[in-house]
Amino acid sequence: MTKIGIVACLHGDEQFGLRVTTALKGQGDIVCVVANPQAVHAKKRYVHDDLNRCFNGSGHPYEQSRVTAILKALQGCDYVIDIHNTTTSVKNALIVANLGPKTRSIITAHPGRYIAHMPPLFAKKALIGQFPDGAVSLEYSFEYANTPRALEEVLSTVQQLQTPHPHKKRQRTILHIEKTIARDVSLPAKDNNYAYIETLGGYGFLVGENAYEGIHQGFLAARKEIMIL
Ligand SMILES: [Zn+2]
């Protein structure tokens, strides 16, 4: 039996994941984890430290206790799907730390056309970086996440991973993320997500995310690659 871990609310104010875990509750082969209950209760991204930057052993003892509990709950999962919301124009993108066979299976099962591939420097601090293969973060815009279609997409992804027959592949754009875009960099006045930013020589991802304000302006991919996945 394929065991799938669903992680909701690594960021407490991104609650789409809770709709997913509510819909999947009670299935024996699904492990649902509400990652940051104190932040959910406080309706905040995090309590002391950003939990999805604490998986390298840094951060306040509360976040460290959550890291331990989350990884314990996900032990033995074949796949891990970690669900986020974004305030940017990114509608439904995947974030991966590797392109191993199980990660590719999740990509194939999901309709998103864009995949951000995080470098080890970022991935090691995040949940998805803790698994050698088969862990993906999903980013849904708050707007799209409110639609029935968005929930169906995630439920259908889970269902496809549970069924062993080969699924139809499609063209995907992989953005190989290299760095963050510093907060003092001026950007073209347009939607820079997935777009080539000439002055920076790369493609934008999660540009304009409110939660990054004061830290950086989003991510930059040095190159993009078209793959059939
Ligand atoms: Zn998030």
Side-chain angles (χ1 to χ4, degrees), residues 2 4-7 14 16-17 20 52 77-86 88-123 126-145 147 149-181 190-197 200-209 218-229:
T2 305
I4 303 173
I6 308 289
V7 179
E14 299 174 7
F16 177 43
V20 176
N52 209 24
C77 284
D78 300 288
Y79 300 101
V80 171
I81 298 176
D82 163 39
I83 301 166
H84 293 256
N85 286 112
T86 173
T88 68
S89 63
V90 169
K91 180 183 157 194
N92 61 345
L94 300 91
I95 303 177
V96 303
N98 61 69
L99 285 166
K102 290 203 292 178
T103 302
R104 288 171 186 241
S105 294
I106 302 176
I107 294 171
T108 301
H110 189 272
R113 281 183 51 219
Y114 289 94
I115 292 101
H117 181 197
M118 287 293 170
L121 178 71
F122 298 148
L127 173 69
I128 55 169
Q130 311 313 304
F131 303 89
D133 191 10
V136 163
S137 293
L138 300 180
E139 283 286 355
Y140 276 84
S141 72
F142 280 97
E143 199 181 3
Y144 186 53
T147 67
R149 181 82 189 271
L151 180 62
E152 277 163 28
E153 275 181 23
V154 182
L155 298 183
S156 155
T157 300
V158 170
Q159 203 175 41
Q160 286 191 59
L161 292 170
Q162 291 169 321
T163 49
H165 63 83
H167 298 285
K168 193 171 164 274
K169 297 181 177 180
R170 61 189 103 189
Q171 186 175 300
R172 317 281 181 162
T173 300
I174 317 285
L175 296 171
H176 295 283
I177 305 293
E178 187 185 51
K179 56 189 175 190
T180 54
I181 302 170
K190 58 167 186 175
D191 182 0
N192 290 296
N193 284 302
Y194 309 137
Y196 186 73
I197 305 168
L200 303 182
Y203 303 86
F205 181 66
L206 296 178
V207 177
E209 167 59 48
F219 295 94
L220 191 76
R223 63 189 177 97
K224 73 175 178 183
E225 185 180 8
I226 307 296
M227 292 175 89
I228 305 295
L229 290 172

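Just so it is clear, the structure is predicted and the values come from calculations on it, not from any experiment.
Enclosure of atom CZ in R170 by more than 12 non-hydrogen atoms of other residues, nucleotides or ligands within 6.0 angstrom is indicated. The environment of E143 atom CD is sparse: at most 12 non-hydrogen atoms of other residues, nucleotides or ligands sit within 6.0 angstrom. Around atom NZ of K179, no more than 12 heavy atoms belonging to other residues, nucleotides or ligands sit under 6.0 Å away.
In terms of heavy-atom proximity, I177 sits nearest to F205 at CD1-CB, 4.0 Å. Pairing each heavy atom of A135 with each of I106, the nearest pair is N-CD1, 4.3 Å. Across S89 and N193, no two heavy atoms sit closer than the pair OG-ND2, 3.1 Å. Between L175 and A221, the shortest heavy-atom distance links the atoms CB-CB, 3.7 Å. Among all heavy-atom pairs drawn from A97 and G129, the shortest one is CB-CA, 4.1 Å. The minimum heavy-atom distance between T88 and G208, with the atom names listed, is CG2-C, 3.7 Å.
Counting heavy atoms from C-beta on, the side chains of R104 and M227 come closer than 4.5 Å. Between K102 and F131, the closest side-chain pair of non-hydrogen atoms is not below 4.5 Å. Annotation: side chain of K169 is not in contact with side chain of L229 (no heavy-atom distance under 4.5 Å). Residues L138 and L94 form a side-chain contact, since some pair of their non-hydrogen atoms from C-beta on lies under 4.5 Å apart. A 4.5 Å side-chain heavy-atom check between Y194 and R113 finds every atom pair outside the cut-off. Contact of the L127 side chain with the N52 side chain is registered, since non-hydrogen atoms from C-beta on lie closer than 4.5 Å. In this structure the side chain of F142 reaches within 4.5 angstrom of the side chain of E14, judged on heavy atoms. Side-chain contact between Y203 and T173 is absent, with no heavy-atom pair separated by less than 4.5 Å.
R172 places no side-chain N or O within donor-acceptor distance of the main-chain N or O of I115, the cut-off being under 3.5 Å. Distance alone, capped at 3.5 Å, places no donor-acceptor pair between the D78 side chain and the T2 backbone. Between the N98 side chain and the V96 main chain, no donor and acceptor come within less than 3.5 Å of each other.
Distance check, rounded to the nearest 0.5 Å: CZ of R149 to CG of N92 gives 8.5 Å. Here the OG1-CD distance, from T108 to Q160, works out to 8.5 Å after rounding to the nearest 0.5 Å. One finds the CD1 atom of I4 at 4.5 Å from the CD atom of Q162 (value rounded to the nearest 0.5 Å). Going from atom CD of E139 over to atom CG of N85 covers 8.0 Å, rounded to the nearest 0.5 Å. Taken to the nearest 0.5 Å, the CD1 atom of I95 stands 8.5 Å off from the OG1 atom of T86. To the nearest 0.5 angstrom, H117 atom NE2 is 9.0 Å from R223 atom CZ.
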Worked verdict on E209 versus V90 for side-chain contact (heavy atoms from CB on, under 4.5 Å): CA-CA 10 Å; E209 167 59 48; V90 169; over 6 Å; no
Next item on the list: Evaluate the criterion side-chain contact (heavy atoms from CB on, under 4.5 Å) for residue pair I81 and L161; output intermediate values, then yes/no.
Entry: CA-CA 11 Å; I81 298 176; L161 292 170; 4.0 Å; yes
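Between Y144 and Y140, the ring planes are parallel. Angles under 30° get that label, and only those over 60° would be called perpendicular.
For F219 and F122, the ring centers sit closer than 6.0 Å to each other.
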